[in-house]
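Following: one structure in structure tokens, then a few remarks.
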Amino acid sequence: MASEFTRRVRNIIAAIPEGSVATYGQIAALAGNNRAARQVAWILHSSSTAHKLPWHRVIGSGGKISLPRQKGYEEQRSLLVLEGVCFNSRDRIDMNRFMWNPEHIDDVE
DNA sequence: TTACTGACCTTTT
DNA sequence: AAAAAGGCCAGTA
């Protein structure tokens with residue numbers, strides 16, 4: 001349960017500023033395992049509501065939303081747009097401008 | 001303990 | 001270009 005990795009992931013996601021987005025792989029890398037991108041998604045599922053994490057700021061690689069349209073694709077896209085994130089014709093985010101560039105993460109513990 | 005799942009990522013067809 | 005397969009890790013049952 002909630003290993004250091006998981007705890008760090010939640011911290012990272014909570015530290016994502018509005019108007020910026022981060023990819024699972026990037027978060028996983030910041031957490032210490034760039035191969036645990038899948039786990040990041042699962043952590044989101046598990047702790048998004050519980051920890052009030054901005055899950056909508058977490059996207060897949062290339063700026064594409066991972067959620068199916070039936071599940072929450074529209075919701076996430078709307079939230080991102082409200083925060084100022086622009087989408088391309090292909091429903092993709094401009095990683096050039098919106099990908100979160102973490103300078104340093106302050107570990108709560 | 002093992003087995004299954006998961007909002008992924010990368011490479012290959 | 002799009003689609004499929006493989007590989008990786010952590011959490012839950």
Side-chain angles (χ1 to χ4, degrees):
Chain A
M1 314 168 27
S3 289
E4 183 179 301
F5 172 77
T6 307
R7 180 165 52 193
R8 192 172 287 184
V9 169
R10 295 191 303 210
N11 183 17
I12 293 169
I13 296 171
I16 301 177
E18 297 180 6
S20 298
V21 293
T23 65
Y24 293 95
Q26 181 161 10
I27 293 171
L30 292 171
N33 289 330
N34 71 330
R35 298 169 192 170
R38 314 180 61 184
Q39 196 55 27
V40 176
W42 182 247
I43 291 167
L44 241 57
H45 241 278
S46 189
S47 306
S48 57
T49 52
H51 290 263
K52 310 261 172 45
L53 298 178
W55 59 273
H56 53 273
R57 294 187 195 150
V58 184
I59 58 178
S61 62
K64 298 199 292 6
I65 296 180
S66 314
L67 285 77
R69 292 191 69 140
Q70 298 90 345
K71 293 196 114 214
Y73 174 86
E74 304 178 27
E75 183 177 324
Q76 180 165 20
R77 179 173 153 183
S78 298
L79 289 168
L80 290 172
V81 171
L82 288 173
E83 292 194 352
V85 178
C86 299
F87 278 75
N88 290 344
S89 308
R90 276 278 199 97
D91 292 327
R92 299 207 320 189
I93 301 171
D94 291 327
M95 304 296 286
N96 253 2
R97 302 159 34 171
F98 298 108
M99 183 180 281
W100 179 42
N101 197 321
E103 295 163 11
H104 59 273
I105 308 298
D106 292 327
D107 287 331
V108 242
E109 287 184 324

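The chains referred to below are lettered A, B, ... by the order of the sequence lines, with proteins before strands, and numbering in each begins at 1. Atom set for the values below is all heavy atoms of this structure, side chains included, hydrogens, waters and symmetry mates excluded.
- Residue Asn33(A) has no polar side-chain atom (N or O) positioned under 4.0 Å from OP1 or OP2 of dC8(C).
- Comparing atom distances between the Ala41(A) side chain and each of dT10(B), dG11(C), dC8(B) picks out dC8(B) as nearest.
- Classification of Asp91(A) and Lys64(A) as a salt-bridged pair fails, no side-chain N sitting under 4.0 Å from a carboxylate O.
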Polar atom pairs between nucleotides 1-3 of chain C and protein, under 3.5 Å, N or O only, would you list them?
from, atom 1, to, atom 2, distance (Å)
dA2(C), OP1, Arg90(A), NH2, 2.3
dA2(C), OP2, Arg90(A), NH2, 3.4

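- Counting only distance, with no hydrogens or angles, the side chain of Thr23(A) and the backbone of Gln26(A) share a donor-acceptor pair below 3.5 Å.
- For Glu4(A) and dA10(C), the CD to P distance is 11 Å, given to the nearest whole Å.
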Under the 3.5 Å Watson-Crick or G-U criterion, the dot-bracket string of DNA chain C, with | for inter-strand pairs: .||||||.|||||

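- Mapping Arg38(A) and Trp42(A) onto DNA chain C by nearest heavy atom places Arg38(A) closer to the 5' end of the strand.
- Looking only at side-chain heavy atoms (C-beta outward), Trp55(A) and Gln76(A) come within less than 4.5 Å of each other.
- Here Glu18(A) pairs with Arg57(A) under the salt bridge (charged side-chain N to carboxylate O under 4.0 Å, His left out) rule; sequence neighbours left out.
- Residues Trp100(A) and Pro17(A) form a side-chain contact, since some pair of their non-hydrogen atoms from C-beta on lies under 4.5 Å apart.
- For Ser46(A), counting side-chain heavy atoms from C-beta on, the closest listed nucleotide (dC9(C), dC8(B), dT12(C)) is dT12(C).
- The interatomic distance linking His51(A) (NE2) with dG11(C) (C1') rounds to 13 Å, in whole Å.
- Note: CZ (Arg35(A)) to C1' (dC8(C)) measures 7 Å, nearest angstrom.
- Side-chain proximity of Tyr24(A) to dT10(B), dC8(B), dG11(C): nearest is dC8(B).
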